[in-house]
Amino acid sequence: MEKMPFRDARMMSLQTVAATSTATETTTTTDWKQTLPVLTGSMVTLRELRLSDAPSLLAMLSTEEVARFISPPPTTVEGFERFIAWTHRERAAGNYACFAVVPHGMDAAIGIFQVRQLEPGFGTAEWGFAIGSAFWGTGVFMDGARMVIDFAFDVIHTHRLEARAAILNGRGNGALRKIGAMQEGILRKSFLRNGEYLDQALWTILDEDWRAQRVIWGARIH
Ligand SMILES: CC(C)(COP(=O)(O)OP(=O)(O)OC[C@H]1O[C@@H](n2cnc3c(N)ncnc32)[C@H](O)[C@@H]1OP(=O)(O)O)[C@@H](O)C(=O)NCCC(=O)NCCS
C-alpha cells in the first residue's frame, strides 16, 4: 500500500508449494520462488511481471492520482525495468512476490499486487497494490485481491497479512474495508510523502478469518 510498491524488502525461506487458485478451481503446482503461479480470476489474470510490462506500468502507475499516496513509482521505462528485475531477484530469494494484473483480453499489465514478508517465513506479511485509474471501480481490484490473499494464506502460509494506507487515501481504505480487512489502529505520522509525514491506517486479515469469509463467499456463488 502506501510505500510498499516501490521500496526494498529482505529475508528468505525455501520450500516447494502447491499453488491453488480457488477463484477458478485451477491448481498450479509450482515453487513460487522459481516462478510465480498464474492465477486466473473472473476479470483478470495475475502473473509474474515481465520486462515488457515496463511501458504499460509507467503509463498506468505514474499518474498523479495513482501515485499520490504510495512510494514514488519509477518515472521512466528503464526505471520500471529495474524495478521488475528487482522483483524477480526478491522472489527468487523468497522474500517477496509481485504479480502483474492483466485484464482478460489484454496483454499489458495495468497494475500490481505485492506481498513481502515482515519476518522470516512470511508468518506476518504485508501486501500492497496499485491499479491504473482507468480500472478503478470496475471490480478488477476485488478479483485480483482475492487471488493474492489466497496465495498469501494457502501458498506462502502467511498467518497475518498487514496493509498500510494513508488516512487521506479514501479509495485505498475503502478497498481494504471492502475486502474484509480489519482496521487495527492508526500509525501516526508514519509515512513521509512529499516532505510531509502522513498518518496511516493499519489493516489486517488473519488466515482463520479469511478462510471463514471464503466459505461464505463460496456459498454465495453456488
Ligand atoms: C487502491 C486501489 C487498488 C483500489 O482499487 P479500486 O478499483 O479503486 O477499488 P474499488 O473501487 O473496488 O473499492 C474502493 C472502495 O472505496 C470506496 N471509496 C472511494 N472513495 C472513498 C473515500 N473517499 N472514502 C471512503 N471510501 C471510498 C469506493 O466507493 C469503493 O467501495 P464500493 O465498491 O463499496 O463503492 C486503487 O484505487 C489504486 O490503485 N489506488 C492508487 C494506489 C494506491 O493508493 N494504493 C495503495 C492503497 S492503500
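Numbering of ligands and ligand atoms starts at 1, following listing order. Values below: all heavy atoms of this structure, side chains included; hydrogens, waters and symmetry mates excluded. Treat the numbers as computed from the prediction; the structure is a model and nothing was measured.
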**Student:** Are Phe191 and Ile167 packed together at the side-chain level, in the sense that at least one heavy-atom pair is separated by less than 4.5 angstrom?
**Tutor:** no
**Student:** Would you indicate whether the side-chain heavy atoms of Trp210 and Asp150 approach each other to under 4.5 Å?
**Tutor:**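 With C-beta onward as the side chain, the pair touches.
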**Student:** Consider every N or O of Phe129 and every N or O of ligand 1, then say whether any pair is closer than 3.5 Å.
**Tutor:** yes
**Student:** Out of Gly137, Ser133, Ala175, Ala165, whose heavy atom is nearest to atom 6 (P) of ligand 1?
**Tutor:**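 Result: the heavy atom closest to atom 6 (P) of ligand 1 is in Gly137.
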**Student:** Aromatic rings Trp32 and Phe151: how do their planes relate, parallel, tilted or perpendicular, breaks at 30° and 60°?
**Tutor:** perpendicular
**Student:** Mind checking whether Phe80 and Phe83 have parallel, tilted or perpendicular rings, split at 30° and 60°?
**Tutor:**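 It falls in the perpendicular class, over 60°.
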**Student:** Is Phe69 close enough to touch ligand 1? Criterion: a residue heavy atom under 4.0 Å from a ligand atom.
**Tutor:**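 No, Phe69 has no heavy atoms under 4.0 Å from ligand 1.
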**Student:** Between Glu126 and Gln114, does a side-chain contact (heavy atoms from CB on, under 4.5 Å) hold up when you go through it step by step?
**Tutor:** CA-CA 8 Å; Glu126 181 182 12; Gln114 310 173 91; over 6 Å; no
**Student:** Counting heavy atoms only, name the option from Arg171, Arg177, Lys178 that's nearest to atom 20 (N) of ligand 1.
**Tutor:**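 That would be Arg171.
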**Student:** Flag Ile131 as yes when one of its N or O atoms lies below 3.5 Å from any N or O atom of ligand 1, and as no otherwise.
**Tutor:** yes
**Student:** Output a table of donor-acceptor pairs, distance under 3.5 Å, between side-chain atoms of residues 53-61 and any protein atom two or more places apart or on a different chain; print 'none' if there are none.
**Tutor:**
{"from": "Asp53", "atom 1": "OD1", "to": "Arg47", "atom 2": "NH2", "distance (Å)": "3.0"}
{"from": "Asp53", "atom 1": "OD2", "to": "Arg47", "atom 2": "NH1", "distance (Å)": "2.9"}
{"from": "Asp53", "atom 1": "OD2", "to": "Arg50", "atom 2": "N", "distance (Å)": "2.7"}
{"from": "Ser56", "atom 1": "OG", "to": "Asp53", "atom 2": "O", "distance (Å)": "3.1"}
{"from": "Ser56", "atom 1": "OG", "to": "Ala109", "atom 2": "O", "distance (Å)": "3.0"}

**Student:** Counting heavy atoms only, which part of Val140 comes closer than 4.0 Å to ligand 1: side chain, backbone, both or neither?
**Tutor:**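 Val140 to ligand 1: no contact under 4.0 Å from either part.
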**Student:** Measure the distances from the heavy atoms of Asn173 to every atom of ligand 1 and state whether one is below 4.0 angstrom.
**Tutor:**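 In this structure, Asn173 fails to qualify as a contact of ligand 1 - no heavy atom is under 4.0 Å.
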